[in-house]
Amino acid sequence: MKATPTATQTNHTAVSPSSDYNKLDPATEARVEELLSQMTLAEKTGQLFQLNPYGPFDWEHFEAKKAEAEKAGRPFRYDPKLRDDMEDLLRAGRIGSFLNVTQPAVINHCQRIIMEESRLRIPLIVGSDVIHGYRTIFPIPLGESATWNPELLQQASRVAAEEASAAGVDWIFAPMVDIARDPRWGRIAEGAGEDPFLGMAMAQARVRGFQATDLTSGRRIAACPKHYIGYGAAEAGRDYNSTDFSERTLRDVYLPPFTAAFEAGAGSVMSSFNEISGVPATANPLILKTILRDELQWPGLVVSDFESVRELIPHGFAADLKEAARLSILAGLDMEMVSDSYPKHLPELIESGEVPLAAVDEAVRRVLRLKFRLGLFENPYVDESLAEKIMLRPDFRELALEVAQESMVLLKNEADILPLSPETRLAVIGPLADNQADLLGCWALNNHPEDVETVLAGLSAYLPDDGWTHVAGCSIRDESPADIAAAVQTAETADVVLLVLGESANMSGEGHSRTHLGLPGRQQELVDAVAATGKPLVCVLMSGRPLVIPKLAGQVQALLAAWHGGIRAGRAVADILFGTVNPSGKLTASWPRSEGQIPVYYAHKNTGRPASESGTKQFAEAFKSVFIDVPNSPLFPFGFGLSYTNFEYANLQLEKSVLGLEDTLVVSATVTNRGSKAGAEVVQLYVRDLVGSVTRPVKELKGFQKIRLEAGEQQTVRFEVPVCELGFTGWDMRYGVEPGDFKVWIGPNAVEGLAGDFTVSAA
Ligand code: BGC
């Protein structure tokens, strides 16, 4: 071990949020105290309760409404039945918030009951999951992150906020900022992938977009980064499963995107379902008190996840609902989502002295503060006519196209088969070519499949009607029926086969983990049959996660990862295939060669027995940290993505190679577009701290810039990284930078690039 490290910072220091949600101004504080002083205990606990006003799903009601619509020949959209006791609860001041209600008329009706008939007139705050767009659905967040373009994501999040606000939403349960290194986990779709540094940039962009202060509705929205914390570490990628990682990993890997979201002004945070080393997040004082309040001094609102307070019972952490309430409030959990331990048990817990009133008062203050900040007391109502005017506005749809285009990642393009010429006779094969619903991806609550442009619709912008044929060949997941013979027949007649394959929307997202990450159903069989024709194959692969597709990748000449790309996905695919758009997306999560490698991520440790540089010499490397059957490296690494042009990296320059702790690392390289097309490149900066008081990852992303270069154009890309950002949680659990030798790379992905060296000196 090195000598005692020099810490430049103490443990995570207080955040200085850039929005007013978390600034404690005296005028608001006075209003909060005035109101609090008038509240009964029942009204207080009511404010800490978020209700799902629809109650449990009522199948009988659903079927009756459906039959009614069918009889009247109307298209069927289900408006669930509200709870019978809801109005009484509102009148009595027993509800602080609604979950996932997006009907302005219902919201106004309920707010009116509160504002006109309740004692203290404390408006509801309406929370909803707006994960990648409200009505204008953008690519899934994993795809959005592959743009490596935070400004674009800020605009997309703002569009989501515009539409959601018009639907009556005050509080968006996003961004999902969980670091995810296990593609079996279905929720990898919802976040920005495997890397904390990239995750920080994306988290900030989204929070700023959601919390824009000039929305058309005149209302405001609070963001809610989630799930705090470590939810992505679920064992085996099985959703809701236990997690067990060190406090150091918590601080260095899982926490940074949350801290970044708080810095950007996020008004709230959601606790996660998982336990962390035995203590469920929802009642975990280390994360909710020590880190959030004592260290970060963040004053925002903490809401539980869906019934995660009640779930302390099956976790085996609380014996009953009453204990669950006590443990949660004492740990620092402010608002309970859906389960009702707070309204049921906090009053008696306070009376018995098991919970101090001060703990409840503090939680209520946070709820009231946010409601005041959102302006809900002044303006609790939604303009019921706005939604119709604002949803799917042409500029929103245009932005959805831009994001979809930038999100797609070209993984292979042998012999420059792409872009295609419009003269190419195409056979379009695969279950996702003429599909609308699945392109929306997971978590599109307010989904309208009819809004989606299919790939076939996109192609028709480039090809005459007789320029292509289409056969689905098989369905996405089912083993039968399949029309593989017809697909082969149509392939025979074409110049190029375009395969549009992948997962359905409901194969990723919450509660949708997988163990086999290859093509589902009979799709691989379809590819094998079509490949036997010998025709060139171009594959568009749609998914909610990195897939495991070594065979497919070997069979096709070109491979485009198109994710679940949202309402404009079909057009974006066509724009890339025909070259009006040069692909620029890069992966934000590694694509494994085999499920057995998982977790496979670039920022791994070296181990005491590292594989040789290539990491691929299987049998020759006995007693090294390798597998005997598969290389260590992923099939496609983090940061990887091709373009229709070539970028050359040269001339890595360090302004200084010896730096003090207060200095800034300044490093640059020249990037030249050597091809014949204009294109965008994501230039990435990585560092490695060679020796630490605790072991360090082999590479860590510390900067990126997306640049656009005309053919032949050159740019010197310069990065400035303050040395204090090269720190980590050391042997003593304090954050600091340790003097010593570092390596630095500037390159196109996590495995290639120009390398240099520098030293951080304590002097
Ligand atoms: C999910 C959250 C979501 C909440 C409310 C939960 O099941 O884990 O991400 O915000 O439901 O819908």
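Each ligand, and each atom within it, is numbered from 1 in the order the structure gives. All of these numbers come straight from a predicted model, not from anything done at the bench. Along the sequence shown, residues carry numbers from 1. Excluded from the calculations below are hydrogen atoms, water molecules and symmetry mates; all remaining heavy atoms, backbone and side chain alike, are included.
- Residue-level proximity to ligand 1 for M270 is carried by the side chain, the only part with a heavy atom below 4.0 angstrom.
- With hydrogens and angles left out, the side-chain atoms of E510 and Y240 include a donor and acceptor closer than 3.5 Å.
- Here E190 has no heavy atoms under 4.0 Å from ligand 1, in either its backbone or its side chain.
- Ionic pairing of R545 and D182 is not present here: no N-O contact between side-chain nitrogen and carboxylate oxygen is shorter than 4.0 angstrom.
- Per-residue contacts place D305 under 4.0 angstrom from the following atoms of ligand 1 (heavy atoms of the residue considered): 1 (C), 2 (C), 3 (C), 4 (C), 6 (C), 7 (O), 8 (O), 11 (O).
- Heavy-atom proximity to atom 3 (C) of ligand 1, evaluated over L445, N52, D129, V303, is greatest for D129.
- Other residues, nucleotides and ligands place more than 12 heavy atoms under 6.0 Å from the CD atom of E63.
- Taking every non-hydrogen atom of F173 and a distance limit under 4.0 Å, the qualifying atoms of ligand 1 come out as 10 (O).
- Close contacts between ligand 1 and N100 involve ligand atoms 12 (O) [criterion: under 4.0 Å to a heavy atom].
- Using a 4.0 Å cut-off between a side-chain N of Lys or Arg and a carboxylate O of Asp or Glu, D170 and R219 qualify as a salt bridge.
- The distance from ligand 1 to the heavy atoms of L99 drops below 4.0 Å at these ligand atoms: 5 (C).
- In this structure, K289 forms no cation-pi arrangement with W298, as its terminal cationic atom is not both closer than 6.0 Å to the ring centre and no more than 45° off the ring axis.
- A salt bridge links R251 with E295; the closest basic N to acidic carboxylate O contact falls under 4.0 Å.
- The single protein non-hydrogen atom nearest to atom 7 (O) of ligand 1 is E510 OE2, 2.7 Å, given as residue, atom name and distance.
- A cation-pi geometry, defined here as NZ or CZ lying under 6.0 Å from the six-membered ring centre and within 45° of its normal, does not hold between R187 and Y231.
- Close approach of ligand 1 to R187 (heavy-atom distance below 4.0 Å) involves ligand atoms 1 (C), 2 (C), 8 (O), 9 (O).
- Not one N or O of W443 is nearer than 3.5 Å to an N or O of ligand 1, by distance alone.
- Heavy-atom contacts of K226 reach the following atoms of ligand 1: 2 (C), 3 (C), 9 (O), 10 (O) (cutoff under 4.0 Å).
- Close approach of ligand 1 to M337 (heavy-atom distance below 4.0 Å) involves ligand atoms 4 (C), 5 (C).
- Not a single donor-acceptor pair under 3.5 Å links the side chain of E307 to the backbone N or O of R310.
- Ligand 1 has no nitrogen or oxygen under 3.5 angstrom from a nitrogen or oxygen of Y231.
- For the pair R373 and Y21, the cation-pi criterion (under 6.0 Å, within 45° of the ring axis) is not fulfilled.
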